[in-house]
Structure formats: structure tokens, C-alpha cells
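Encoded as C-alpha cells, the structure appears first; notes follow it.
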Amino acid sequence: MILKTSSGILLCILCSLFGVTYSRLAPDYIRPCNDTNSECLIKATQDAIPEFVKGLPHLGVPPLDPFTIDKLSIPLSGLKVTFYQGKVSGFRKCIVDNVISELEKRHFVLEFHCNLTIKGGYDAVGKVLLFPINGEGDAKIKLTNLKMKLDINTKYIKDDKGVNHFAIKSYKYTFDYGDKVTFDLQNLFKESKELSNTVLSFLNENWRTVSEEFGKPIVDYAVELALKTIEKFFLVVPYEELINVPIPT
Ligand SMILES: *[C@@H]1O[C@H](CO)[C@@H](O)[C@H](O)[C@H]1NC(C)=O
Ligand SMILES: *[C@@H]1O[C@H](CO)[C@@H](O)[C@H](O)[C@H]1NC(C)=O
């Protein structure tokens, strides 16, 4: 053990003597493409996702699968829904449909679809369908084949050591709730189990309309959080370790 350690140190002293102290900051699962053809970018992104979503805790990049929504309030007309301690899982299995990187135009597009599950607690106070709602309990929402297209304007920045990084200048996104959204909200009406079940069935039968009404704030929140994480990752890993194409000037 001692021998191993000291030879490791020796090896390191040797490498620094020979000037090979350079070490990649990018984790091994990042395999930079040598050009911007979509085929390579799609594969590289797909290969990186299962590991990327675990985060890089030692570099301050938090995990994305699961990721936590501590508290999120959705104000609707006549109804206020709040989620607590939501855990969103499933990103590790997202399927990448397209990646476009236009380095000179500073433009990046990522299209993917995933099955996601959101689990947590909720409360809801107000009115639905003229019924006074006063619910509180466990919530579970499943999304099947949620489709998303992220459209990002990038920029290139230098950190205080003069190292180049990608950064996000602005973004927009479009999405589709996909094939099905399933709601499981316990105790919508504290007073009546029967009414709770009736309204829950109604929500599930009308899942698309309901998602469109309720879902946007959750998706906005998730996208913003995901992009903040990606941005942190960009600030840690140099541009040159993400793609083998010189930075456009
Ligand atoms: C990029 O080129 C290097 C050197 O030729 C090669 O080892 C590497 O596999 C290439 N990367 C990809 C993703 O094709
Ligand atoms: C999501 O689940 C459905 C049904 O279980 C399955 O057919 C589909 O391939 C899954 N999609 C992804 C992206 O894993």
C-alpha cells in the first residue's frame, strides 16, 4: 500500500518533471466530435447523458436524475397548487433525436424525448369545476414520450485563466406532452374520497388539456434548472474538451 502510494507520487513527480501535468477536466464519457456533423453529435450526446445526469459533485454540478424541485407554486385562476419536494426522474433514459451545432452562428439545437416521473407532495386550495378544493397529499405524475426541442444561442467566454468555455446567451424551447400524462394526486378533497376519485379520473381523461393548463410552469422550471446545470458544466469544462473544432473568432 505504502509502496503503491509512493510510487504513485513518484510517477506524478515524474510527469510534472516531464511537463505532462495537463489533465482533462471533462469526464471520460465526453468524447469530443472532430466536426459538427449531427450524426457524431447525436451519438456523443446520447452516450454522455446517462453519466452526465449524475452530475459532477466534486465540480459543483448537481445531478439531474433525479433532480429535486423543493417548492413550486402554480397560481391558476381560482386555484393555487403547490408542489413540495418533487423528485423528477427519467432523464438518464432520454433519447436524443437531433443535435445541431452551428459554431460560427453560435447556435445549438437539441431535440429529445423522454419518459419522466415526478413524485412529491402537493397542496391545492381553491376551486375546480365549481367544487371547493382543499387537497393535500402525495402526487405522482408520469409523462410518456415528452418531446422537447431546445434552441440555444451560445457565446464563447474566457475564464480568469484565459481558458475558453461555451456559455448560454439565451434560449427558447418548444415541447409536446407526447403520448400520455398520468396524474395520481391523493386526497384532492380532504372531505371526500369519492369526489377525489371522480375529479382525478376527470383529470386523467382530459390529460392533454389539464397538462396544457397546469404543466407549463413545471416544464419552465425544469428546463431552467437543467440549463443552469448545463451552464455550470460548461463553466467547468473547457470548450476544447467538448469539441475538436477551433473556436470561431
Ligand atoms: C477524433 O479524432 C481522433 C484522432 O484522429 C480519434 O481518435 C477520435 O476517435 C475522433 N473522435 C470521434 C468522436 O470520432
Ligand atoms: C416510454 O415508455 C413507453 C411505454 O412504456 C415506451 O414505449 C417508450 O419507448 C418509452 N420511451 C422512452 C424514451 O424511453
Side-chain angles (χ1 to χ4, degrees), residues 49-50 53-55 62-95 97 111-150 171-230:
I49 281 178
V53 296
K54 291 180 186 165
L64 277 177
D65 191 359
F67 81 80
T68 308
I69 301 178
D70 287 330
K71 182 178 173 193
L72 180 65
S73 290
I74 309 173
L76 300 154
S77 59
L79 181 68
K80 188 178 166 212
V81 183
T82 308
F83 285 98
Y84 301 96
Q85 299 298 314
K87 271 206 184 325
V88 183
S89 54
F91 279 113
R92 83 193 69 181
K93 288 188 179 158
C94 289
I95 293 175
D97 299 309
E111 284 178 67
F112 58 91
H113 66 279
C114 332
N115 292 338
L116 298 178
T117 304
I118 309 170
K119 264 190 200 167
Y122 84 97
D123 62 41
V125 182
K127 272 186 180 175
V128 165
L129 311 169
L130 302 174
F131 295 114
I133 276 210
N134 173 21
E136 178 175 10
D138 294 333
K140 185 170 159 188
I141 302 170
K142 278 175 116 173
L143 299 107
T144 306
N145 288 326
L146 170 83
K147 286 183 194 51
M148 188 167 289
K149 179 178 176 179
L150 275 173
Y171 68 87
K172 54 183 195 259
Y173 71 89
T174 51
F175 69 98
D176 184 291
Y177 285 104
D179 297 341
K180 178 97 184 115
V181 179
T182 316
F183 304 98
D184 184 2
L185 302 167
Q186 293 302 313
N187 254 337
L188 275 169
F189 298 85
K190 281 179 195 160
E191 295 78 18
S192 165
K193 189 150 181 64
E194 210 183 319
L195 195 53
S196 297
N197 290 341
T198 308
V199 172
L200 189 58
S201 306
F202 173 85
L203 295 179
N204 279 302
E205 278 155 28
N206 298 281
W207 64 270
R208 192 175 285 278
T209 317
V210 173
S211 304
E212 274 157 14
E213 177 104 345
F214 289 71
K216 184 87 166 39
I218 302 182
V219 180
D220 282 349
Y221 185 95
V223 169
E224 198 183 315
L225 204 86
L227 282 164
K228 274 192 190 144
T229 304
I230 292 171

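Values below: all heavy atoms of this structure, side chains included; hydrogens, waters and symmetry mates excluded.
The minimum heavy-atom distance between N145 and N115, with the atom names listed, is N-OD1, 2.7 Å. For the pair I49 and R92, the tightest heavy-atom approach, listed with the atom from each and the gap, is CG2-O, 3.7 Å. Here the closest heavy-atom approach between residue L185 and residue A139 is recorded as CD2-CB, 3.4 Å.
Within the 3.5 Å criterion, the main-chain N or O of L72 finds no donor-acceptor partner in the side chain of Y221.
In this structure, the side-chain contact (heavy atoms from CB on, under 4.5 Å) partners of L227, at least two apart in sequence or on a different chain, are L150, I152, I168, Y171, V223, I230. Annotation: salt bridge (charged side-chain N to carboxylate O under 4.0 Å, His left out) contacts of E212 (sequence neighbours excluded): none. Judged as a salt bridge (charged side-chain N to carboxylate O under 4.0 Å, His left out), and not counting sequence neighbours, the contacts of D220 are K216. Applying the salt bridge (charged side-chain N to carboxylate O under 4.0 Å, His left out) rule to K87 yields no partners; only residues at least two apart in sequence or on another chain are considered. In this structure K190 satisfies the salt bridge (charged side-chain N to carboxylate O under 4.0 Å, His left out) test together with E136, sequence neighbours excluded.
Classified by interplanar angle (parallel below 30°, tilted 30° to 60°, perpendicular above 60°), the ring pair Y122/F83 is tilted.
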Identify all side-chain donor-acceptor contacts of residues 198-208 below 3.5 Å with residues at least two apart in sequence or on another chain.
| from | atom 1 | to | atom 2 | distance (Å) |
| --- | --- | --- | --- | --- |
| T198 | OG1 | E194 | O | 2.8 |
| S201 | OG | N197 | O | 2.9 |
| N204 | OD1 | F183 | N | 2.7 |
| N204 | ND2 | F183 | O | 2.9 |
| N204 | ND2 | L200 | O | 3.2 |
| N206 | ND2 | F202 | O | 2.8 |
| R208 | NH2 | G178 | O | 2.8 |

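With rounding to the nearest 0.5 angstrom, the SG atom of C94 is 8.0 Å from the CG atom of L146. For the atom pair NE2 of H113 and NZ of K149, the computed distance is 16.0 Å after rounding to the nearest 0.5 Å.
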